[in-house]
Every structure is written in structure tokens, then in C-alpha cells.
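Right, one structure below, let's go through it.
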Amino acid sequence: MSAQITLTLPDGSQRSFDAGVTPAEVATSIATSLGKKAISATVDDQHWDLQWPINTDAAIAINTMKDAEPALKLIRHDLAHIMARAVQEIWPDVKVTIGPVIDNGWYYDFDRKEPFTPEDLGAIEKKMKEIINLRDAVRTEVWERDVAIKYYEDRGEPYKVELIEAIPGDEPLRMYWHGDWQDLCRGPHLQHTGQVPADAFKLMSVAGAYWRGDSDRAMLQRIYGVAFQNKEDLRKYLNMLEEAAKRDHRKLGREMDLFHMQEEAPGQVFWHPNGWTVYTLLQDYMRRKQRGGGYVEVNTPQVVDRKLWEASGHWDKYQENMFIVEVDEEHAREKAVNALKPMNCPCHVQIFNQGLKSYRDLPLRMAEFGSCNRYEPSGALHGIMRVRGFTQDDGHIFCSEDDITAETKKFIDFLAEIYADLGFTDWTIKLSTRPEKRIGSDESWDRVEAALGDACQNAGYAYELLEGEGAFYGPKLEFTLTDAIGRNWQCGTLQVDPNLPERLDATFVGSDNERHRPVMLHRAVLGSFERFIGILIEEHAGKLPFWLAPRQVVVAAIISDANDYVLQKVEELRAAGIRAEADIRNEKINYKVREHSLGKVPVILAVGAREVEEGTVSIRRLGEKQTSVQSFAETLPQLAEDATPPDLRS
RNA sequence: GCUGCUGUAGCUCAGAGGUAGAGCACUCCAUUGGUAAUGGAGAGGUCGAGAGUUCAAUUCUCUCCAGCAGCACCA
């Protein structure tokens with residue numbers, strides 16, 4: 001007689017079963033209909049396949065499609081398998097690799113000589129729907145390693161063999177079948193393919209991806225798909241993507257006449273008057289904040305001799321990302337090899353090293369709006385978010401190791417205030433810890449990592465841990481913001497660096513009258529003006545806060561008899577510090593309103609015969625349909641108030 | 001850098017082995033119009049760059065450059 005186990009259901013009731021009972025059997029024992037509707041179980045908080053036996057007492061909940069989280073996970077995961085099966089049914093010689101669930105969907109990596117075309121995607125999608133309609137049962141078994149390896153070797157699936165070899169020896173290998181199609185997989189999966197909604201998924205794109213994420217290995221073809229519980233959710237998602245495309249900073253940058261880029265200067269920005277207005281406003285704001293935050297501002301050279309880069313270690317570790325500047329042999333009076341600075345830190349140490357510093361000078365917070373050039377890989381460039389020429393709101397805090405926590409907390413608060421001023425509430429902190437290749441003792445890493453973690457907690461912010469992602473010289477905090485389609489961008493950062501002061505021999509005299517080595521905190525709030533403005537545009541869909549809008553007000557004449565009044569009001573607005581323009585073109589007001597609305601001008605003041613007569617303006621704010629008429633004398637101070645940067649408001 | 005796709009007027013795009021087209025924008029003319037496109041006319045292109053095939057290339061082939069998506073990179 002087999003042993004009995006007790007399972008506790010979500011309502012608290014307990015039932016006794018033979019050990020080895022499966023959730024499928026449990027579900028059917030509760031109700032036949034539940035047995036059919038079941039998709040998986042949650043057993044002691046673990047996501048559990050309906051076919052996996054349960055051998056010990058446990059809490060169990062049967063999941064159905066009403067349980068969104070497991071449902072989505074299973075739908076997407078089963079679709080990954082169904083897609084791989086479809087691909088191999090159409091092209092039997094394609095090799096399969098891995099296919100995980102990701103946000104909104106899944107991907108699967110294939111090895112195939114010929115590229116998948118958009119038409120192929122259509123064919124695969126069609127085949128997938130056929131497979132779903134077959135309602136093939138999903139079956140699972142645990143296999144012995146050597147059997148599994150032999151199986152895949154015989155089938156000519158080298159990637160699967162490699163995957164199995166990488167799985168720790170004591171871990172059971174699980175196989176899944178969707179119909180006759182087999183894949184190595186941890187599971188869990190659905191009961192049968194028919195449980196996948198056939199109308200709520202879509203194959204999105206094909207792209208290259210390295211096997212095991214290693215650029216030295218084979219380039220595979222990755223097909224991305226998205227899937228939801230129903231057609232409506234899919235439609236909403238696709239709609240959201242369309243809306244997001246309208247917020248793309250590259251598109252808005254052109255439409256709002258902010259900047260452009262061109263072939264002759266890849267990865268570098270031509271700022272137009274409108275864009276440069278935003279840039280300088282942001283810089284002015286940051287300059288005020290930094291002064292208030294206890295920073296001194298400096299400026300350092302662009303072109304610096306390789307000797308300094310050799311000393312700092314950049315020549316060794318970063319050279320392939322640097323623009324090297326060599327003067328033509330014939331014209332050179334001296335044989336100097338220079339590089340455009342990719343970072344400001346070595347130059348800041350040079351300033352620190354001028355004159356003897358005392359512990360009384362620390363912490364010394366040195367800031368620079370530092371123009372940097374980095375030869376970024378061509379494939380990494382992206383609008384103004386990832387560029388080769390950019391300006392950081394850089395800063396270096398020279399302090400002692402004991403100051404790290406306090407300085408970090410101070411910095412996080414500083415950054416949070418600025419992000420809030422600029423309209424960001426949704427940002428995350430990531431703490432990257434010691435990588436495999438590193439310098440410094442483990443004790444030192446322990447201390448410094450703890451200092452950063454403590455600082456986050458003291459400041460009241462949760463952080464995500466990125467183990468092993470730190471710089472070789474020290475751990476770092478990354479502050480990331482999200483673009484229109486959900487891609488994360490690192491903007492702010494704080495990195496602890498005991499290495500550079502060592503290499504460039506920075507010292508200060510302590511209270512003990514001995515020389516000591518300062519620690520350097522590299523830090524940036526915006527990261528770079530370029531990236532941050534890109535994010536700012538996407539976050540606000542181009543409708544920048546009034547104080548940052550390049551053109552704040554357009555005064556538009558409805559009839560040409562109002563032109564003089566318009567010009568006069570524009571003068572008065574400008575005198576009050578408001579960026580105002582007149583529109584006295586020979587066009588209808590409809591035309592003007594449309595054009596300036598598309599140009600994201602926050603306020604349009606329309607003026608016709610009545611307004612001239614009464615000394616009023618008709619105000620229309622961006623995004624609002626209705627207008628209101630009020631006296632210009634009242635309007636001006638209101639607009640002036642709105643135009644005040646957040647840090648200067650009373 | 002890698003894989004795939006793309007590059008035609010300022011913008012968005014159509015087109016075909018026989019040296020190019022639309023809409024918007026631009027210029028001019030008419031229109032003075034009340035809150036998201038007034039009408040008409042005109043001008044505007046080495047079809048990303050270079051080479052090859054061809055009687056003929058913007059179209060086909062190759063190389064390069066740039067952009068897009070993803071991967072890798074982002075000390």
C-alpha cells in the first residue's frame with residue numbers, strides 16, 4: 001500500500017491522496033470540469049506542472065486561465081515550443097536552441113543558414129495556429145543524461161547536447177512533448193496545445209543573437225513573439241506600441257525641430273535652436289542645483305596626451321573606445337599622440353593634485369559639464385540616447401572611505417529631487433557588485449558594497465542587485481529611466497573608485513599629518529545631456545514642461561488687422577522672460593493652431609478684432625480643446641509664474 | 001562589431017533595365033478667415049557613395065557608408 005499525503009487546498013480544507021498523485025488527478029477529484037480547465041498548479045508556492053507527482057504534504061492551488069500570472073507564463077512558454085515545432089515541421093534541418101519567456105511574450109533562437117523572411121514569419125504563424133487547433137496533448141518525462149545526450153546527438157541537435165552538458169549532474173533532465181515534437185525543458189507546461197488562445201499572439205521580428213550570449217560564438221536567428229490571454233489584450237498591446245512610436249525622440253526631434261544627425265558625424269548631434277534652448281535651460285538648472293549641492297565647477301581639456309591615459313589605465317583598458325588624435329607626421333613638430341577624452345575623471349584628479357590637499361578640504365565635490373567622445377560600436381548607436389559625442393553632468397567626490405555612505409545618501413537625495421523636478425517618478429536603482437576580474441581585497445569590496453547598500457536604505461530606496469556587474473575597480477549604483485517602448489537607460493550613476501587616485505597618485509594630508517589616499521566617487525545625475533533629453537522627450541511625448549519648452553507661447557493673429565497688437569504682446573512677453581513668437585502669417589487660425597499644436601507649443605494666444613478692442617487674448621493650452629478669453633494684463637504674470645524653473649519657485 | 005532589413009525631393013512614401021512621381025512643407029498670387037489643413041500656380045532630385053555587368057543602371061551584382069531592430073558592448 002502506498003504512502004498517503006495530505007494536501008491543503010486554498011480554502012483551508014485538507015484531502016488525503018496516495019503519494020505521487022498529480023495535480024491533474026487532484027483537480028479532477030475536485031470536479032471534472034476543473035480537471036479540464038486546469039492549466040497548472042501552485043504547490044508550496046512553486047509553479048507546478050499538472051503532470052508532476054506530489055510526494056509530500058503540501059499546500060496546493062489549481063490554476064486556471066483566470067489566474068493571469070501563471071496563465072500568461074504558460075501561454076508564452078507553450079508558444080515558444082509550438083513555434084519551434086512549427087519551424088521544424090516547415091524546415092526539418094533547422095537546429096533548435098533555447099526559447100524563454102520574456103516581458104509580453106517569448107523568443108526562440110534557431111540555427112538556420114537562410115535568413116527567416118517576413119513571409120516566413122507569416123508561414124510559421126499559420127503553422128502554429130494549425131498546431132494549436134490539433135489540441136495535441138503535452139507529455140513529460142524525466143530522462144537519464146546519457147540517454148538524453150545520445151538522443152540529441154542522433155538527432156543532430158548539437159546545441160541541446162551542449163545545454164545538457166551545462167546542467168549540473170544532480171539535476172534531473174526533463175523532456176516535454178507537444179504532440180510528437182520533443183524539447184528539453186524545465187516546464188511547467190499546459191495540458192494540451194489547444195489551451196493556448198490561437199488569436200492572441202503575434203510573431204514580431206527576427207534578429208540575430210549570439211549562442212549563449214557570447215560574441216565569439218555562432219550567431220543564431222531569434223524570432224520574437226508576443227502573446228496574451230485574449231485578442232483584446234493583444235490589440236491593446238499593439239496599439240500601445242503604435243502610440244509609443246509617436247513618442248520616439250528621433251521622430252519628435254525632427255518634428256519639433258530640436259536637432260538632427262547626419263552621416264558625416266555618426267553618433268553626434270547637431271542641435272538646432274529649439275533643441276539647444278532645452279539643452280541650455282537644463283544645463284542652467286543643473287548648474288544652480290550643483291552650486292546648492294556643494295559642488296565646485298571646473299572645466300578640463302578635450303585633447304589629452306596618451307601619457308595621461310596610460311597612467312590612468314584607459315590606454316590599456318579602454319583604447320578601442322577612444323578617438324586617437326595623431327598629427328600628420330610631416331606637419332608634426334612634436335611626436336605627441338593624443339586622445340579625445342572619453343571620461344573626465346583623470347583630468348579631475350589633475351586638478352585635485354594641484355596644491356597639497358588637507359583632510360579639511362574633503363569631501364571635495366568637483367563637477368564639470370564634460371564633453372566626452374567615445375568610439376562606440378556602430379550597432380550601439382541609437383538616436384541621441386547612445387552617441388559618440390556627448391556631455392556628461394559629471395562629478396567626482398574626493399573623500400575618505402568613511403564618507404562613502406553619507407556622500408552616497410546625499411547624492412541619491414540630490415538625484416531624486418532633480419528627477420522629481422523634471423517629471424520623473426518612476427526610476428530604479430541597481431547595485432552592481434564585484435565582477436570576477438577585479439582588483440582590491442575582498443574585505444575592501446565587502447566594506448564598499450555594504451556602504452552603497454546602506455546608503456540606498458538610509459535614503460529610503462529599494463535597489464536591484466546585479467551580481468558581478470560592477471567595474472573592475474569598484475561597485476556602482478545605476479539609476480535607470482525608461483523610454484517610450486520600455487527600454488531601460490542608465491542615466492544617473494555613482495561608482496566607487498579607489499583605483500584611479502592610486503594610479504594617478506592623489507593624496508591628502510590627514511589629521512595625523514600623514515599622507516592618505518582619497519577614494520573617488522564618480523557620479524552623474526542626468527548621465528549625459530543627450531541621453532537625458534532623449535528620455536525627457538519620450539517621457540513627455542514632446543510636451544515638455546512649460547519652463548523647458550523651447551517655444552513657450554505663440555501669439556497668433558486671426559486677422560491681419562491684429563498684427564500690430566500681436567507684435568506688441570510678443571514684445572511684452574519677451575520682456576517678462578517668456579519665449580514667445582508671433583505668427584502673423586497670412587493663414588487661417590485653424591491652420592496656425594494645428595501647426596503649433598503639432599509643434600508642441602504649450603500655449604497659443606489667438607488674437608482677433610475683439611481681443612484688440614478689449615486688450616485680451618484667447619488662450620489655448622496644448623492638449624485642451626476649449627479656449628478662454630482673459631485680459632492680457634492678467635495672463636502675463638500667470639505665464640511668467642509657469643515659466644519659472646522648479647528650483648526657483650517660491 | 002555581428003545577423004537581418006532599409007537608403008528615391010526638407011518630411012512621409014510610391015515607382016520601374018530606356019536618365020523619376022504623390023501628399024505635406026517651401027516660393028508666388030488670390031483669400032482677412034474665430035481655434036487641428038482656404039484655393040490656385042510654381043520651384044525643387046548625381047534616386048546614400050564607389051566599382052562592375054549592359055547599347056543603356058537610380059533599378060541587377062559587388063564593396064563601402066549611414067540608418068532601423070535585436071544581439072554583443074556600455075571600464
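Fair warning: this is a prediction, and the values are worked out from it, not measured in the lab. The basis for the numbers below is simple: all heavy atoms, side chains too, and nothing from hydrogens, waters or symmetry mates. Naming: A, B, ... by sequence-line order, numbering from 1 per chain.
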My understanding is that only residues two or more places apart in sequence, or in another chain, count here; which of them pass salt bridge (charged side-chain N to carboxylate O under 4.0 Å, His left out) with [X]?
X        : value
A:Lys251 : A:Glu255
A:Glu538 : none
A:Asp109 : A:Arg222

Query raised in the report: For RNA chain B, what are the stems built from at least three Watson-Crick or G-U pairs in a row, each pair having both distances below 3.5 Å?
Result: B:1-7 with B:65-71, B:10-13 with B:21-24, B:26-30 with B:38-42, B:48-52 with B:60-64
Looking only at the side chain of [X] (C-beta and beyond, no hydrogens), which of the listed nucleotides [options] gets closest?
X        : options             : result
A:Arg374 : B:C74, B:A69, B:C71 : B:C74
A:Ser215 : B:A69, B:A72, B:A37 : B:A72
A:Met219 : B:U3, B:U35, B:C74  : B:U3

Query raised in the report: In whole angstrom, what separates A:Lys113's NZ from B:G4's P?
Result: 13 Å
Under 4.0 Å from any atom of RNA chain B, heavy atoms only: list the residues of [range] that qualify, in numerical order.
range                       : value
residues 608-622 of chain A : A:Gly608, A:Ala609, A:Arg610, A:Glu611, A:Ser618, A:Arg620
residues 240-261 of chain A : A:Arg250, A:Arg254
residues 382-394 of chain A : A:His382, A:Gly383, A:Arg386

**Report entry** Residues A:Phe398, A:Leu521; criterion side chain to side chain contact (heavy atoms under 4.5 Å, CB included); working and verdict
**Finding:** CA-CA 7 Å; A:Phe398 296 86; A:Leu521 304 180; over 6 Å; no
Mind checking [X] for me? I need base, sugar-phosphate or nothing, with any heavy atom below 4.0 Å counting as a touch.
X        : result
A:Ile604 : nothing
A:Ala471 : sugar-phosphate
A:Tyr107 : nothing
A:Gly313 : nothing
A:Pro115 : sugar-phosphate

Report summary line: Nucleotide by nucleotide, nucleotides 58-65 of chain B touches protein heavy atoms under 4.0 Å in the pattern (B base, S sugar-phosphate only, - none) -------B
Query - 5' priority, RNA chain B, between A:Gly213 and A:Phe116 [closest heavy atom] - result: A:Phe116
Report task. Could you check A:Gln490 against A:Gln262 and say which one's nearest nucleotide on RNA chain B is further toward the 5' end? Result -> A:Gln262
Within the sub-3.5 Å range, which N or O atoms of nucleotides 43-47 of chain B have a protein N or O partner, and how far apart are they?
none

Query - NZ/NE/NH1/NH2 to OD/OE distance under 4.0 Å, A:Lys202 and A:Glu125 - result: no
Query raised in the report: Is any NZ, NE, NH1 or NH2 atom of the basic residue among A:Arg212 and A:Asp216 found under 4.0 Å from an Asp or Glu carboxylate oxygen of the other?
Result: no
Query raised in the report: Aromatic ring centroids of A:Phe479 and A:Trp489 under 6.0 Å?
Result: no
Requested in this report: Determine, using ring centers only, whether A:Phe424 and A:Phe532 are less than 6.0 Å apart.
Outcome: yes
Query raised in the report: In Å, rounded to the nearest 0.5 Å, how long is the span from CD1 of A:Ile535 to CD1 of A:Ile384?
Result: 9.5 Å
**Report entry** Value rounded to 0.5 Å, distance of NZ in A:Lys476 from CZ in A:Arg523
**Finding:** 15.5 Å
Mind listing the N/O atom pairs, protein and nucleotides 23-28 of chain B, below 3.5 Å?
from  : atom 1 : to       : atom 2 : distance (Å)
B:A25 : OP1    : A:Tyr591 : OH     : 3.0

Requested in this report: Using the C1' atoms only, state how far B:C2 lies from B:A25, rounded to an integer number of Å.
Outcome: 39 Å
Report summary line: Here the salt bridge (charged side-chain N to carboxylate O under 4.0 Å, His left out) pairs for residues 601-621 of chain A, sequence neighbours left out, are A:Arg621-A:Asp642
**Report entry** Base B:G70 paired with A:Tyr210 side chain (donor-acceptor, <3.5 Å)
**Finding:** no
Query - No-H, no-angle donor-acceptor pair, A:Ser560 side chain to B:U32 base, under 3.5 Å - result: yes
Query raised in the report: Any donor and acceptor pair, going by atom type alone, linking the side chain of A:Glu530 with main-chain N or O of A:Thr391 inside 3.5 Å?
Result: yes
Requested in this report: Under the side chain to side chain donor-acceptor pair (under 3.5 Å) rule, collect the residues that match up with A:His348, sequence neighbours excluded.
Outcome: A:Glu368, A:His396
Requested in this report: Respond yes when some side-chain nitrogen or oxygen of A:Arg487 is under 4.0 Å from OP1 or OP2 of B:A69, and no when none is.
Outcome: yes
Report task. Check the pair A:Ile324 / A:Trp315 against side chain to side chain contact (heavy atoms under 4.5 Å, CB included), numbers first and verdict last. Result -> CA-CA 10 Å; A:Ile324 310 293; A:Trp315 199 257; 3.7 Å; yes
